[in-house]
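Naming convention: chains lettered A, B, ... in sequence-line order (proteins, then strands); numbering from 1 in each chain. Worth saying up front: this structure is predicted, and the values here are computed from it rather than measured.
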Number of protein chains: 2
Amino acid sequence: MLADRRQKLEFRARLLKAMAHPTRIFIIEELARGEQCVCELTSLIEADMSTVSRHLSVLKNAGIVQDEKRGNQVFYRLRARCILGFFDCFETLKQQ
Amino acid sequence: MLADRRQKLEFRARLLKAMAHPTRIFIIEELARGEQCVCELTSLIEADMSTVSRHLSVLKNAGIVQDEKRGNQVFYRLRARCILGFFDCFETLKQQ
DNA sequence: TGCGTATTTGGCAAAAAATGCAAATACGCA
DNA sequence: TGCGTATTTGCATTTTTTGCCAAATACGCA
């Protein structure tokens with residue numbers, strides 16, 4: 001396989017993998033409603049804040065979310081809203 | 001978090017996880033061109049046929065592809081073409 | 001029935017991902 | 001400067017994923 005194609009496949013796989021976790025999908029859906037700080041997300045997700053922070057950094061490294069520090073807290077927001085469209089496709093797979 | 005929501009998140013994560021591998025994305029793209037038998041896919045992917053077969057079963061368990069045995073060989077085809085649209089969204093993330 | 005090809009499955013080892021705890025950092029405020 | 005809150009990072013452990021080899025299965029054909 002050509003190196004060029006392999007590179008494109010790996011890029012796509014990296015993005016899908018970054019999203020492929022229930023907590024990270026939850027984060028994506030919540031951020032679709034507007035930006036949130038880590039503490040707000042942590043209070044919604046029953047997990048250690050360090051775990052939530054790690055999930056956020058996975059999404060950030062993939063370019064899916066963006067962070068901004070304001071004062072004491074860090075706010076995250078969704079950078080690729082088109083991702084939300086994926087889930088409609090999934091619904092068609094659920095039946096049958 | 002409500003059990004109902006958690007279940008939905010897990011379903012979505014399972015689908016994303018099933019796609020989140022370079023070889024499996026390759027398979028999805030190839031099947032978008034039409035059905036292929038395992039041997040054809042194996043010859044395109046430089047990996048053991050057993051490895052390719054396992055990737056195919058991951059996609060099949062997720063409901064993304066469908067298989068049909070004809071004679072000696074097993075043909076796979078894409079069941080959810082809408083998945084192809086994902087990758088356009090990814091392109092927007094690549095720049096910057 | 002016996003052989004050859006196509007595919008899947010079992011088993012195992014290596015690599016990657018997930019998670020909590022504790023420690024480090026960053027920042028605002030008294 | 002010193003304290004308290006918010007966030008990230010280091011570390012150790014467990015779980016999951018990947019990939020190959022060898023063995024098992026399935027099927028067509030002589």
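For D:dA26, neither phosphate oxygen OP1 nor OP2 lies less than 4.0 angstrom from any side-chain nitrogen or oxygen of B:Lys69. Considering only side-chain N and O atoms, A:Thr51 lies nowhere under 4.0 angstrom from the phosphate OP1 or OP2 of C:dT19. Remark: A:Arg24 is in phosphate contact with C:dA18, judged by side-chain N or O atoms under 4.0 Å from OP1 or OP2. The phosphate of C:dT19 (OP1 or OP2) has a side-chain N or O of A:His21 nearer than 4.0 angstrom. Of the side-chain N and O atoms in B:Tyr76, none sit less than 4.0 angstrom from OP1 or OP2 of C:dA6. An OP1 or OP2 oxygen of D:dG19 is reached within less than 4.0 angstrom by a side-chain nitrogen or oxygen of B:His55.
Both distances falling under 3.5 Å, in either a Watson-Crick or a G-U wobble arrangement, place D:dG28 opposite C:dC3.
The nearest whole Å value for the distance from the CG atom in B:Leu16 to the C1' atom in C:dA18 is 17 Å.
Judged by distance alone with a 3.5 Å cut-off, no donor-acceptor contact links the side chain of A:Asp48 to the base of C:dT19.
Nearest-nucleotide assignment on DNA chain C puts the 5′-proximal partner with B:Met49, out of B:Met49 and A:Glu46. Residue-to-nucleotide proximity on DNA chain D shows that, of B:Ala20 and B:Ser50, the 5′-proximal contact is made by B:Ala20.
Comparing atom distances between the A:Arg54 side chain and each of D:dC11, C:dC27, C:dT7 picks out D:dC11 as nearest. The side chain of A:Ser53 lies closest to D:dT9 when the candidates are C:dT7, D:dT9, D:dA6. The side chain of A:Ala47 sits closest to C:dG20 out of D:dT7, C:dG20, C:dT8.
Ionic pairing of B:Arg12 and A:Glu91 is present here: one or more N-O contacts between side-chain nitrogen and carboxylate oxygen are shorter than 4.0 angstrom. Under a 4.0 Å N-O distance rule, the pair B:Arg70/B:Glu35 qualifies as a salt bridge. The residues A:Glu30 and A:Arg24 are annotated as not salt-bridged, no charged nitrogen and carboxylate oxygen being separated by less than 4.0 angstrom.
Between A:His21 and A:His55, the two ring planes are tilted [angle within 30° to 60°].
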